[in-house]
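Just so it is clear, the structure is predicted and the values come from calculations on it, not from any experiment.
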Amino acid sequence: MTFTQRAVTGAVLLGVAVAGLTALPAAATTTGVQWADCKPEGKDDPAEVRGSQCATLRLPVDWRDPAGATFELAIARRTAKVPSERVGVLVFGPGGPGDSGVDRIKTGIDRFSTDLQDRFDIVSFDPRGVARSNPVRCSAELLNKQPSPIIKSAAEFTSTISYNRQLATDCREHTGPLYDHIDTWQTVRDVDAVRRALGESTISFHGSSYGTLLGAQYAETYPHRVRAMVLESVSDHSSSTTRDFLDDQAAAGQDSFDEFVKWCDATTTCALHGRDIHVLWADLLAKSPDPFTLSFSVFRALYEPKWSALAEMLKAGGTPPKPVQTGVAPYPLAVFCQDWNLPVRSYREYEGHLQRLARNNQDLRYPGQLMAVSICLGSPLANNPQHLLKVRGLKTPVLLANAIHDPATGYAWAQSVERQLGRYGVLLTYEGWGHGSYSKSPGMQSTIDDYLIARDVPERGSSCAAVQPAG
């Protein structure tokens, strides 16, 4: 059984132990970034793009060999609208993995408040291996054959390993040498190269989702370069076992599904009001030819969350098949296998994980991040494996922001990272729902803005009240 890669590419969230290696190639040691007005691409609205500037930096493919092969990192910025009140540079760390920071600057700048746009040069980038920065590309025909993470036999387990190795060879051929160096350890050094190229002694940083992995490791590696840092929807890169990783992810998804059920039971306008959603969902899952993709579509609907749309989708029987890709297609999910060691030694062990997840999670027994395990079966050890954070010497504590009911980065992950940071971390809690919290309530936005602009750190234990989702 296969599932459509396009349905999930770039949408799953899952994130050094080695310091140093700060040397930059000559091209990135000056402040002479050659900025030019960004150009509309594809369906871009020219009016939205206006005011954004784009550039590239030539950086090492491997920071462990800075004199070796290079690639071009795409960056973009919008300068502070009120220069007389400019605070500095705010670097945005994209999530995904697979999100484009250049697109965020060009057409998605509304993600940042007017106050931030007035006071900061807001800069972002397409991470190495993504979009315009030497993207990981693979044969679409091969990607369309990717096995389902719901592995049902020892033969399927063995064939999945064979497929993964075949795909890695294919992607390496289509991508070039960067393919083996797309981990977050490398991207940390890319961010510092951006800082140096801009001529800034310090940066403020706002990382979202998978971008929080990048931010936390940047603070660990370059604490003296951090003016302020927000990590929103926090990824915990310390899970030491595959079991812990999967259990955390499944629990977060199930919690958000339970919140959807509570809302529908209490809301007469819900398309499934008065029905037993657990029974309906179990029936849909049992009848689906592709239960993982069906589960993933529900998982994604919980991000906003879009409860009304989710109810309508389930009432209609799930989601239609996605179109297949053709030619050569992007594959940003490859970074998981370089950032996470999530080994499974045998089919019997894999089966045990699936059985445990099903026992402990009534509805979302197949978390989206199950794919982070299945696509890495048979892979070499990660370049940037999990570890407990060791952050020392920050001038300002890192501000963590997380919703209590986040389907992708559960609240327990944010609490864990706060503990790891100790006095260098403060958790701001959004008492509501969804993946991401900065735009969910005025209180979250104003508190984060005050922190970034004036380094006004909220008291420990601070929270903001929930705002009912729009739909």
Side-chain angles (χ1 to χ4, degrees), residues 1-12 14-15 60-62 65 68-74 96-100 126-151 153-187 210 290 292-293 296 321-344 347 350 368-385:
M1 181 182 295
T2 64
F3 71 100
T4 303
Q5 175 65 29
R6 185 170 177 177
V8 293
T9 296
V12 183
L14 297 173
V61 164
D62 182 3
D65 180 19
T70 61
F71 78 105
E72 287 193 340
L73 183 82
D99 290 353
S100 165
D126 289 347
R128 54 172 58 212
V130 173
R132 304 162 188 84
S133 296
N134 197 155
V136 172
R137 294 188 182 278
C138 316
S139 164
E141 181 180 5
L142 189 56
L143 284 174
N144 290 329
K145 298 177 181 178
Q146 192 158 41
S148 170
I150 305 175
I151 299 173
S153 68
E156 287 186 8
F157 184 84
T158 299
S159 66
T160 298
I161 292 175
S162 297
Y163 170 88
N164 290 345
R165 290 172 175 167
Q166 180 186 3
L167 181 64
T169 298
D170 177 272
C171 297
R172 188 175 291 109
E173 291 174 353
H174 284 100
T175 305
L178 190 78
Y179 177 79
D180 293 302
H181 306 285
I182 56 174
D183 57 274
T184 298
W185 187 94
Q186 300 279 358
T187 307
Y210 208 77
D290 190 352
F292 179 80
T293 298
F296 193 86
K322 300 292 183 179
V324 298
Q325 303 177 98
T326 59
V328 177
Y331 185 55
L333 303 186
V335 69
F336 288 139
C337 305
Q338 297 186 28
D339 272 342
W340 297 83
N341 279 334
L342 299 169
V344 182
Y347 169 67
Y350 197 94
Q369 297 87 346
L370 177 63
M371 190 170 60
V373 176
S374 68
I375 66 173
C376 299
L377 292 173
S379 297
L381 292 178
N383 300 336
N384 179 46

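Asp62 contributes atom CG, which lies 4.5 Å from atom NE2 of His181 (distance to the nearest 0.5 angstrom). One distance of note links CG of Asp290 with OG of Ser148; it measures 6.0 Å at 0.5 Å rounding. Here the straight-line distance linking atom CG of Leu143 with atom CD of Gln325 works out to 6.0 Å at 0.5 Å rounding. Taken from CZ in Phe157 to OG in Ser374, the straight-line distance is 10.5 Å, to the nearest 0.5 Å. A distance of 12.0 Å separates OG1 in Thr169 from NE2 in His174, rounded to the nearest 0.5 Å. The CZ atom of Arg165 sits 11.5 Å away from the OG1 atom of Thr160 when rounded to the nearest 0.5 Å.
Side-chain contact between Pro127 and Val130 is present, with at least one heavy-atom pair separated by less than 4.5 Å. Taking 4.5 Å as the limit, some side-chain heavy atom of Val136 sits within range of a side-chain heavy atom of Cys138. With contacts defined as side-chain heavy-atom distances shorter than 4.5 Å, the pair Phe336/Pro97 qualifies.
Listed by first then second residue, pairs satisfying salt bridge (charged side-chain N to carboxylate O under 4.0 Å, His left out) with a partner in residues 168-181 read Arg172-Asp180, not counting sequence neighbours.
Arg128 places a side-chain N or O within donor-acceptor distance of the main-chain N or O of Val61, the cut-off being under 3.5 Å. The backbone N or O of Thr175 lies less than 3.5 Å from a partner atom in the side chain of Asn134, making a donor-acceptor pair. In terms of modelled atom types and a separation under 3.5 Å, the side chain of Thr184 and the main chain of Thr187 share no donor-acceptor contact. Put simply, the side chain of Asn341 never gets that close to the backbone of Pro385: no donor and acceptor are under 3.5 Å apart. Under a 3.5 Å cut-off, the side chain of Ser100 and the backbone N or O of Ala131 do not form any donor-acceptor pair. Under the 3.5 Å distance criterion, the side-chain polar atoms of Ser159 are matched with a main-chain donor or acceptor of Ala155. The backbone N or O of Leu377 lies less than 3.5 Å from a partner atom in the side chain of Asn164, making a donor-acceptor pair. Not one N or O on the side chain of Arg137 forms a donor-acceptor pair closer than 3.5 Å with the backbone of Cys171.
In terms of the side chain to side chain contact (heavy atoms under 4.5 Å, CB included) criterion, residue partners of Glu72 (sequence neighbours excluded) are, by chain and number, Thr56, Arg58. Listed by chain and residue number, Thr242, Phe245, Leu246, Leu342, Val344, Tyr350 satisfy the side chain to side chain contact (heavy atoms under 4.5 Å, CB included) test with Val373 (two or more places apart in sequence, or in another chain). Not counting sequence neighbours, the partners of Asp126 by the salt bridge (Lys or Arg N to Asp or Glu O under 4.0 Å) test are Arg132. In terms of the side chain to side chain contact (heavy atoms under 4.5 Å, CB included) criterion, residue partners of Asp183 (sequence neighbours excluded) are, by chain and number, Trp185, Gln186, Gln338, Asp339, Asn383, Asn384. Applying the side chain to side chain contact (heavy atoms under 4.5 Å, CB included) test to Thr326 and every residue at least two apart in sequence or in another chain returns nothing.
Nearest heavy-atom pair across Ser133 and Ala74 is OG-N, 2.9 Å. Pairing each heavy atom of Pro147 with each of Tyr163, the nearest pair is CD-CD2, 3.4 Å. Ala372 and Cys376 get closest at one heavy-atom pair: O-SG, 3.3 Å.
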Please step through side chain to side chain contact (heavy atoms under 4.5 Å, CB included) for the pair Phe292 and Met371, ending with a clear verdict.
CA-CA 9 Å; Phe292 179 80; Met371 190 170 60; 4.0 Å; yes
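Checked against the 6.0 Å centroid criterion, the rings of Tyr331 and Tyr179 do not qualify as a close aromatic pair.
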